[in-house]
Novice: 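Quick one: structure below, then a few questions.
The figures that follow rest on heavy atoms only: side chains count, while hydrogens, waters and symmetry mates do not. These figures come from a predicted structure and were not determined experimentally.
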Amino acid sequence: MTTTGTVVYSQDRTRRLRLALYVALGVGAVVAAYAVWVLVGVVPDDADALTYGVSVAVVAAVVLASTGLALRLLPSRSAAAKRGCVVAAVLLLPASVVVGQLGFVAIVVSLSLLFLALIADDPSLDAGPGVPKGHRP
């Protein structure tokens, strides 16, 4: 994919962010499966669980949508991709509050993604084809 605008991430950082976003996407999928389980298995027995199930489903939808958008923006390596990664990391935090035991995993993934998205990176260090990293002419 061609880059538009200023490149803010190196290729290595983009690879690492993609991996972290896929893990966040997995957390969102697990939260969505948990929401389905609550809505299908628990709601018929407990009317108060409906509110909880719907809130978990909304959190799962928000996490999946923001992570998917960040993954879509990431190949451009632009400022928009950086904003998308930060938004995805921040929106993953409500998942940690809503899902109980899985919350620790969501917090770790969210903070890791936020760290990777915000620490300084120098895209000019990307080596050309056939040139080892760090050995620029």
Novice: Apply side-chain contact (heavy atoms from CB on, under 4.5 Å) to Val36 and list each qualifying residue two or more places apart in sequence or on a separate chain.
Specialist: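 Partners of Val36 under the side-chain contact (heavy atoms from CB on, under 4.5 Å) test: Val40.
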Novice: Output the distance between atom CG (Leu73) and atom CG (Leu17), rounded to the nearest 0.5 Å.
Specialist: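 One finds 12.0 Å between CG of Leu73 and CG of Leu17.
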Novice: Got Gln11 and Arg77 here, is their nearest side-chain heavy-atom distance under 4.5 Å?
Specialist: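 Of all side-chain heavy-atom pairs linking Arg77 with Gln11, at least one is under 4.5 Å.
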Novice: Answer yes or no: is there a side-chain heavy-atom contact under 4.5 Å between Val8 and Arg13?
Specialist: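 Val8 vs Arg13: side chains apart.
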Novice: What are the two closest non-hydrogen atoms of Ser76 and Ala81, and how far apart are they?
Specialist: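 Looking at all heavy atoms of both residues, the shortest contact is OG-CB, 4.1 Å.
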Novice: How many angstroms lie between CG in Leu25 and CG in Leu92, if you round to the nearest 0.5 Å?
Specialist: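 Interatomic distance, Leu25 CG to Leu92 CG, rounded to 0.5 Å: 10.5 Å.
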Novice: Please tabulate, one pair per line, all N/O donor-acceptor pairs under 3.5 Å involving side-chain atoms of residues 102-113, not counting sequence neighbours.
Specialist:
residue : atom : partner : partner atom : Å
Ser110  : OG   : Ala89   : O            : 2.5
Ser112  : OG   : Val108  : O            : 2.7

Novice: Hey, quick one: are Val97 and Val27 part of the same hydrophobic cluster, counting side-chain heavy atoms closer than 4.5 Å, chains of contacts allowed?
Specialist: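 Different hydrophobic clusters.
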Novice: How long is the span from the CG atom in Leu69 to the CZ atom in Arg83, to the nearest 0.5 Å?
Specialist: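 Spacing of CG (Leu69) from CZ (Arg83) equals 11.0 Å.
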Novice: To the nearest 0.5 Å, tell me how far Tyr22 OH sits from Leu71 CG.
Specialist: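 Reported to 0.5 Å precision, the distance equals 5.5 Å.
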Novice: Nearest 0.5 Å please: distance from the SG atom of Cys85 over to the OH atom of Tyr9.
Specialist: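 With rounding to 0.5 Å, SG (Cys85) is 5.0 Å from OH (Tyr9).
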Novice: Grouping I, L, V, M, F, W and Y whenever their side-chain heavy atoms are under 4.5 Å apart, do Phe115 and Val86 come out in a common cluster?
Specialist: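 No.
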Novice: Specify the closest pair of heavy atoms between Leu64 and Ala32, including all atoms of both residues, with the distance to one decimal.
Specialist: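 Heavy atoms of Leu64 and Ala32 come nearest at CD1-CB, 4.2 Å.
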Novice: Give the intermediate values and the outcome of side-chain contact (heavy atoms from CB on, under 4.5 Å) for residues Val98 and Val31.
Specialist: CA-CA 9 Å; Val98 174; Val31 172; over 6 Å; no
Novice: Between Val63 and Ala95, which heavy-atom pair has the shortest distance, and what is it?
Specialist: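 Shortest heavy-atom contact: CG2-CB, 4.2 Å.
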Novice: Do the side chains of Val90 and Leu21 join up, straight or via other hydrophobic residues, at under 4.5 Å, putting them in one cluster?
Specialist: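 No, because Val90 and Leu21 fall into different hydrophobic clusters, even though each may have its own neighbours under 4.5 Å.
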Novice: Please lay out, stage by stage, how Val87 and Leu91 fare under the test side-chain contact (heavy atoms from CB on, under 4.5 Å).
Specialist: CA-CA 6 Å; Val87 167; Leu91 290 178; 3.7 Å; yes
Novice: Mind checking whether Leu93 and Leu114 sit in one hydrophobic cluster, side chains of I, L, V, M, F, W, Y counted as touching below 4.5 Å?
Specialist: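 No, separate clusters.
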Novice: Once salt bridge (Lys or Arg N to Asp or Glu O under 4.0 Å) is applied, what residue pairs with a partner in residues 16-29 remain, sequence neighbours excluded?
Specialist: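 Applying salt bridge (Lys or Arg N to Asp or Glu O under 4.0 Å) to every pair that reaches into residues 16-29, excluding sequence neighbours, yields Asp12-Arg16.
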Novice: Within this structure, what is the CZ-CG distance for the pair Arg15 and Leu116, rounded to the nearest 0.5 Å?
Specialist: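 Interatomic distance, Arg15 CZ to Leu116 CG, rounded to 0.5 Å: 10.5 Å.
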Novice: Using only atom types and a distance under 3.5 Å, with no angle test, would you say the side chain of Tyr52 pairs donor to acceptor with the backbone of Val38?
Specialist: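 Judged by distance alone, no pair lies under 3.5 Å.
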